[in-house]
Every structure is written in structure tokens, then in C-alpha cells.
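Below is one structure, written out as C-alpha cells; the observations come after it.
Below, chain A is the first sequence line, B the second, and so on; all start at residue 1.
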Number of protein chains: 2
Amino acid sequence: MATDQKAAKLIDGKKIAQEIRTEVKAQVEEWVKQGHRNPCLIAILVGEDPASEKYVANKMIAAKEVGINSQTIRLPNTTTESEVIDKIHKLNHDSSVDGILVQLPVPAHICERNVCNAVDPLKDVDGFHTTNIGRLTLNTDTFVPATALAVYELIKRYKIDTFGKNVVVCGRSKNVGLPIAILLHSDANNELPGCEATVTICHRHTPPEELAFFAKRADIIISATGVVNLIKPEMVKPGACIIDVGITRITTENGKTKLVGDVDFEGVSKIAGYITPVPGGVGPMTVAMLMFNTYKAAKHTIHSICSE
Amino acid sequence: MATDQKAAKLIDGKKIAQEIRTEVKAQVEEWVKQGHRNPCLIAILVGEDPASEKYVANKMIAAKEVGINSQTIRLPNTTTESEVIDKIHKLNHDSSVDGILVQLPVPAHICERNVCNAVDPLKDVDGFHTTNIGRLTLNTDTFVPATALAVYELIKRYKIDTFGKNVVVCGRSKNVGLPIAILLHSDANNELPGCEATVTICHRHTPPEELAFFAKRADIIISATGVVNLIKPEMVKPGACIIDVGITRITTENGKTKLVGDVDFEGVSKIAGYITPVPGGVGPMTVAMLMFNTYKAAKHTIHSICSE
């Protein structure tokens, strides 16, 4: 192994997120100048989860910054599924609303899938509707879930080559790992951007020695598991690009808490060529990509989301 | 490498297909005995492609054998897209029809995606509708495309262990390679059967030495590319299971033609533990799985395929 301990280049998600917000802001201004109303994003928040409160608040701040009108509809924890769905249907039919998102998780008595599928696919800026997941899988233009789009944009803007490269995706969640794997393995000639990489999808039942085997061969490792220290320096090929989607709050020796990702940042950054920090990597990007998706919804450029 | 040249066990697709047809036939008989009408499958064939003619004819024979009423609607090559779609809509609203398939490919002036999306998702026995692809990706109960289901059934019925095993899928087509990769990597606890394997998706831009690297580590290789002799003996781990979905007609030295798969069968069968022949492997299984899907459509067990 190379002993050249040059530190990896930091992938600055905060900076790129700000770039994207600035771009969206300029596009929204131009759009409004052309005579359109400002895009409008509605978030539905059911219950009082403090983390969800904070996520939604961040989205509202970002929306305001880029010129997207936004509003949070707060529903009590006792709201029934059909009440939530009724509210969504009203917003679907409200032509002044472009994007609708339901902040997840919803309380246990509400079926997350039913709620996601209640949103009009053309207003589904989270990209969680079954039809939009199908469009993603088929590489038809759609709203790509924000985290997957965030990973794609970071790779693209840092000019990391993906064509014919080996990618390991750790985690197969429907909202994060799997959409990332789909974007990264797919054909660049389709409606959605494809990255033409050879992708290995690892998950909780991948034996550690097999994960290490695949990771060591990978040009890019994307980890989205919430398992602290899953990716260790000895698993990484010198010069590889490491994208850390994990975010876990841990208690340090002095009793304070801090946020960490899936990657042993200190060790891996001595081996890798590129690495995202946590926080400040993928995290800030997801809100920026949500703004991108909301402006896209306002433009109505996605054609024929049909289901029958 | 082991030099023990014990031949691989042959995975007999013809025999398993016959087993499945016998099972479906018994279930249809029981269904009819309960007072239901026989299931009904309609195939739409646009144009006069001889291969398509033959595929459809095989489906009709299989349907008859298992007690599924069937009919082929032949439309001339000059039929417009909207005429095909009108025909599909009529069948969608015909309560005597359970399953509808449009034999692919359709003539170039017709958009395949529009035609696939015209079929009611609940009658879409090919599983090609965007909503059904989304359901597959989300591991929600759906019509799994027949070839992917065929591969799954062969693996299951030969008791090939997939849990935490390494699988290489060669080919990322939306109808074959990708659905196979989705089934094989996914969680066994979902509505659809998942196989819990670690899956690497290889394709035309995977460099040959990387394909060899991943293949050599694989417990199961599934090849669906149409590239003759893609999988060579030196790429295969002793004892691995090889599923060959490729089917290509080649001309042999004596000027005759024969069907071959993606795998160097003679060489690989000396190394592998299990191998499918071509023909007689995956091929006969796909028609059987279509019958399985048609009976499933007749039973209406798939709940709430909703799109908004």
C-alpha cells in the first residue's frame, strides 16, 4: 500500500449546496421575470418530532432564500391517515402549489407508502411516489430523491470519473441507497443522467470480509447505513472517492455529543483521494436538491407521468 | 484452482417449467371449481415479426395447457400508436379479461413505453408498466417480469443459497437484468421475495478485467447480455451457480445454426456447481412464469395499485 499520507481532497458539500442554491435563485428570478408566479412548496408535518421540525424549518429557510414561497402545514399526532390524504388531495388540486412533501417519518398509525402515493407525481418533489420510483428505475425523467441527486451532483461537480468505474453502495434503503445505485449504474444516454459505473450493492447481510473485498476494489464508495466506522482505512483503495451519507449522533469521551458518518474520517482521509466530511458533506446538499426539484416542478418540464 | 472436473449439476429449466405449469393448472382447476370463470390472457401482436409470432404462439399453447383462455389480437404493421392504445383501453375495461400483454418489440413508429403504460397495472402480466416497475423496486407485491421471476424460481427450486452470497448480474436491461438485480439484493422480509445477496451489476462498460474480478468472487452469476462466450471457465469460482439468460443464434462450422447462451457451457460446466443449458434453461421458464402471473391477475390478490 502507498504510504504517501497526502490528505484526501475535501468534498465541500456546504459550498456546492450554496452554489446550487445560488443557481436555483437566479433561475427562479428569471422565471418570475418571465411573468410566472414564484414556485410554491408545501411541507406537511404530522406530529411533533423535534428532528423533523428542524429538517422542515431548514427547508423553509432555503426556500425563502431562493425565492420559493413555502408553508408548513402542521397536523397533530392524532391525525388519521385519511385526513392526511384528504389534505394532500386538496393541495394536488390547488394550482398555486407546485411541490408537496410529507416529512417522514409519519406516526406509526399512518401508512407511509399510502401517504407518499397520495401526492400527485407531478408535485412529488421528494420523488417517493411509486410511479416516480418506477420512472427512476426506467431512467425516465422524474424527481430523483434529493439525497441520491445530492450524491450525483457532488460526484459531477468534483469531476469524479464514473464511466466503467467500480462503485460500492452500502445500504439499500428505498429512499437513499437504492436510488443512488440506480443512478450510478445506469446508461448516460437515457433521460436521467446515468453514470455508467459497475455498481455493487452491499447491505446488512453482506459479510464484513466481502464488504472489505468489494470496497478495496472500488473507485467510489458511497455509504448510507448509519453504522459508525463501517468504512475503515484498510478497506479503501488509495485515491478512491468516499461519499459518506451516514449521520449518527454519538457521545464522545468528554460526555459531549457530536455528529459522525459511516466512515472513519481521520483514517480514511489519509488514503482516499476525495472524501466528504460529516457534517458539511451530503447533508446540506439534500436541501439544495429539494429546491432544485421544486423549481423543476414549477416549470412542469416532466412530460406525461402517466399510469394508465 | 481445483482440478476436480466433476461436471456441474444441470439446472433443468424444461422440467421445472413443466412443474410450474402443472401447479398452475391444478390451481386454475381449483379456482374454476370454486365457481370462477377460467382466467383469460390476451396478447396483442403488432406487425409480422416471425420471432414474435413464435413467442406468442408458445404462450397461447401454454395457456391452453393450464386452463387459461387466451386470444391473440393481430394488428397490421401500419397500426398507429393511438389505435393500439385504444385497443388496450377496451381490454382494460373488459371484465372478462385478466391479463394483457403487448408482444415486444413493437414497430418503430410506436413508443414502447406508452404502450406498456397503457395496460391497466392490475392486468399487466408482463410487469412492464412504470407503476409495476416502481412496485418491484419498492418490493411491493406486483407482477415481476417473467424472466426475472424465472431466474428466481430456478434458484429457489434448486435450493441455491443466496443469503449474504455474492451475485454478479451481467446486463442492466429494464426488463431482465435490472429486475433480477432488484430481486436478488433485496430484503426477504418485504412483500416480494428478496434474496439478501450482495449484487454487482455489470454491463457493457464494465472493463473485462473487472468483470472477471467480480465473476471470480461470485457464488451466482446471471448473464443476460447476448454476448456469446462472455462467461469463460477461468472467470468462475469452483462450485458457483451459473444462470444463462442469453440466447443467440450462431452459425457453426458445418454451416448449420444453433442457439447458444452467454456462457462457454462446455468449459464452465467443468468448474461450476450448477449451470443452466441453452436452450432448455431459463427460456422455457419464462412462459411458465407468464402463466403464473396470469393466474395471479385473475385472482386479484394484488392490493391497491394506486398512482395518486
Side-chain angles (χ1 to χ4, degrees), chain A residues 88-89 92 111 113-114 116-122 124 128-140 142 162-168 172 174 178-179 181-182 184-188 190 194 196-207 210-211 213-214 217 304-308, chain B residues 88-89 92 111 113-114 116-122 124 128-140 142 162-168 172 174 178-179 181-182 184-188 190 194 196-207 210-211 213-214 217 304-308:
Chain A
I88 293 169
H89 284 166
N92 286 344
C111 168
R113 179 50 35 215
N114 288 346
C116 289
N117 279 357
V119 177
D120 180 337
L122 291 168
D124 172 37
F128 293 163
H129 191 290
T130 299
T131 296
N132 283 332
I133 299 283
R135 291 175 67 93
L136 176 66
T137 304
L138 292 167
N139 303 153
T140 316
T142 186
T162 56
F163 189 95
K165 299 296 180 183
N166 297 333
V167 171
V168 164
R172 57 183 170 176
K174 304 302 175 222
L178 192 54
I182 288 172
L184 277 152
H185 89 266
S186 54
D187 191 321
N190 292 328
E196 305 279 12
T198 300
V199 174
T200 302
I201 306 171
C202 298
H203 49 77
R204 69 181 73 240
H205 297 307
T206 301
E210 298 304 313
L211 172 59
F213 173 84
F214 291 115
R217 188 78 167 194
S304 67
I305 291 193
C306 61
S307 61
E308 58 162 27
Chain B
I88 294 169
H89 284 166
N92 286 345
C111 168
R113 180 50 34 215
N114 288 346
C116 289
N117 279 358
V119 176
D120 181 338
L122 291 168
D124 172 37
F128 293 164
H129 191 291
T130 298
T131 296
N132 284 332
I133 299 282
R135 290 175 68 93
L136 177 66
T137 304
L138 292 168
N139 303 154
T140 316
T142 186
T162 57
F163 189 94
K165 300 296 180 184
N166 297 332
V167 171
V168 163
R172 56 182 171 177
K174 304 301 177 222
L178 192 54
I182 289 172
L184 278 152
H185 89 266
S186 53
D187 191 320
N190 292 327
E196 305 280 12
T198 300
V199 174
T200 302
I201 306 170
C202 297
H203 50 77
R204 70 181 74 239
H205 297 308
T206 301
E210 299 305 313
L211 172 59
F213 173 84
F214 291 114
R217 188 78 166 194
S304 68
I305 291 195
C306 61
S307 61
E308 56 161 27

Tell me which of these, A/Arg204, A/Lys174, A/Glu210, A/Arg172, has more heavy-atom pairs under 4.5 Å with chain B than the rest.
A/Arg172
Pair count under 4.5 Å, heavy atoms only, with chain A: among B/Val168, B/Leu211, B/Val199, highest is B/Val199
Can you tell which part of A/Ile182 gets under 4.5 Å to a heavy atom of chain B, answering side chain, backbone, both or neither?
side chain
Over 60° means perpendicular and under 30° means parallel, so classify the ring planes of A/His205 and B/Phe163, tilted if in between.
tilted
At what distance, to the nearest 0.5 angstrom, does CG of A/Leu138 lie from CG of B/Asn117?
8.0 Å
Using non-hydrogen atoms and a 4.5 Å limit, figure out which bit of A/His203 sits close to chain B: side chain, backbone, both or neither.
side chain
Is it the side chain or the backbone of A/Asp124 that comes within 4.5 Å of chain B heavy atoms, both, or neither?
neither
For A/Leu178, is it the side chain, the backbone, both, or neither that has a heavy atom closer than 4.5 Å to a heavy atom of chain B?
side chain
If I take atom OG1 from residue B/Thr130 and atom CG from residue A/Asn132, how far apart are they, to the nearest 0.5 angstrom?
10.0 Å
Shortest non-hydrogen separation from A/Thr198 to B/Cys202 and the atoms involved
CG2-SG, 3.8 Å
Of all of A/His185, A/Lys165, A/Arg217, which one pairs up most often with chain B through heavy atoms under 4.5 Å apart?
A/Arg217
Once rounded to the nearest 0.5 Å, what's the spacing between atom CD1 of A/Ile133 and atom OG1 of B/Thr131?
12.0 Å
Atom of B/Gly164, atom of A/Pro207 and distance for their closest heavy-atom approach
O-CD, 3.3 Å
Just say parallel, tilted or perpendicular for the rings of A/Phe213 and B/Phe213, cut-offs at 30° and 60°.
parallel
What part of A/Ala197 gets within 4.5 angstrom of chain B, counting heavy atoms only: side chain, backbone, both, or neither?
backbone
